Amino acid sequence: AQSVSQHNHHVILSEAASLELGCNYSYGGTVNLFWYVQYPGQHLQLLLKYFSGDPLVKGIKGFEAEFIKSKFSFNLRKPSVQWSDTAEYFCAAENYGGSQGNLIFGKGTKLSVKP
Amino acid sequence: DGGITQSPKYLFRKEGQNVTLSCEQNLNHDAMYWYRQDPGQGLRLIYYSQIVNDFQKGDIAEGYSVSREKKESFPLTVTSAQKNPTAFYLCATGGLGYNEQFFGPGTRLTVL
């Protein structure tokens with residue numbers, strides 16, 4: 001079955017530290033990839049997405065992600081985190097050509113940033 | 001938020017009772033989705049609908065039912081057959097040409 005794996009359940013960083021959250025997917029064909037973020041008490045919102053083209057995609061609030069096809073990975077990065085980045089982050093994948101918009105989500109990574 | 005309304009924010013029900021969660025959107029999106037979010041489990045798809053009067057089961061449809069009589073509305077009923085209904089329920093929408101989904105604020109259901 002198609003799946004999305006996020007390796008870290010809970011990451012704790014100090015402000016200004018660099019962040020990398022891992023995401024791997026199991027689809028064999030063309031895939032669209034997403035990172036969503038859920039800040040405390042807020043609804044899920046899109047951070048960035050990859051459909052095609054440049055494998056390095058930039059999102060909101062200084063986040064970026066790199067699609068590495070050979071590794072089936074789409075890791076999220078930020079060079080310097082802030083306390084306001086404390087949130088839960090979800091990686092998701094859509095099988096291109098499958099039912100439109102049907103996403104498979106990873107289990108999420110909770111990020112806690114210490115001030 | 002963002003044109004998707006879920007009500008109520010918190011809902012309490014006694015075991016054995018059916019309960020219906022509301023999801024309304026004014027984004028004119030064709031597709032609507034229901035997810036269940038549990039700690040450490042991510043989001044799991046319950047049901048989805050891509051057009052009015054049509055819907056499909058997701059990965060964990062057992063114990064749930066939906067209807068899609070209007071484009072704007074996609075209510076979810078949690079029936080007494082759902083063995084573990086206490087969870088956070090999220091509604092999402094997607095439009096033609098959009099591959100991303102847009103999420104509502106969620107309803108936290110607690111069954112006592």
Side-chain angles (χ1 to χ4, degrees), chain A residues 1-11 21-25 27 30-53 57 59-60 65 74 87-110, chain B residues 1-7 9-10 21 23-25 27-51 54-61 68 74 87-108:
Chain A
Q2 297 164 339
S3 65
V4 173
S5 300
Q6 291 183 243
H7 315 299
N8 310 101
H9 177 61
H10 191 186
V11 173
L21 301 182
C23 173
N24 286 89
Y25 61 94
Y27 298 172
T30 304
V31 64
N32 299 322
L33 296 160
F34 307 81
W35 275 98
Y36 282 84
V37 60
Q38 189 173 36
Y39 297 103
Q42 296 187 29
H43 59 89
L44 216 64
Q45 56 188 285
L46 184 69
L47 204 52
L48 50 77
K49 60 187 177 185
Y50 172 79
F51 289 171
S52 64
V57 290
I60 60 172
F74 189 55
E88 191 159 16
Y89 294 81
F90 295 92
C91 183
E94 178 197 18
N95 192 345
Y96 187 85
S99 295
Q100 182 193 349
N102 281 14
L103 302 180
I104 304 294
F105 283 84
K107 292 187 176 183
T109 297
K110 193 169 290 189
Chain B
D1 281 6
I4 303 171
T5 305
Q6 289 187 246
S7 61
K9 189 172 181 179
Y10 299 97
L21 280 59
C23 178
E24 303 281 330
Q25 57 113 349
L27 300 171
N28 200 33
H29 286 168
D30 289 293
M32 297 186 74
Y33 307 82
W34 273 106
Y35 292 92
R36 172 183 171 134
Q37 185 179 8
D38 297 282
Q41 294 293 316
L43 277 71
R44 293 181 289 170
L45 183 65
I46 304 173
Y47 267 99
Y48 66 99
S49 167
Q50 294 185 330
I51 56 172
D54 188 44
F55 48 82
Q56 283 78 41
K57 292 181 180 179
D59 299 320
I60 55 165
R68 186 85 187 276
F74 191 42
F88 189 52
Y89 291 87
L90 287 167
C91 177
T93 69
L96 274 180
Y98 291 99
N99 294 83
E100 67 198 77
Q101 293 179 14
F102 302 83
F103 286 83
T107 292
R108 188 166 298 279

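The model shown is predicted, which means the values in this text are computed figures rather than measured ones. Naming convention: chains lettered A, B, ... in sequence-line order (proteins, then strands); numbering from 1 in each chain.
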Relative to chain B, which segment of A/Glu88 carries a heavy atom at a distance below 4.5 Å: side chain, backbone, both, or neither? side chain

Between A/Gln6, A/Gln38, A/His10, A/Lys107, which shows the greatest number of heavy-atom pairs under 4.5 Å with chain B? A/Lys107

Could you tell me which portion of A/Leu44 (side chain, backbone, both or neither) has an atom closer than 4.5 angstrom to a non-hydrogen atom of chain B? both

Just to verify, what does B/Ala92 make a side chain to side chain contact (heavy atoms under 4.5 Å, CB included) with, not counting sequence neighbours? B/Tyr33, B/Tyr35, B/Gln101, B/Phe103

If we only count heavy atoms from C-beta on, is the B/Gln37 to A/Phe105 side-chain gap below 4.5 Å? no

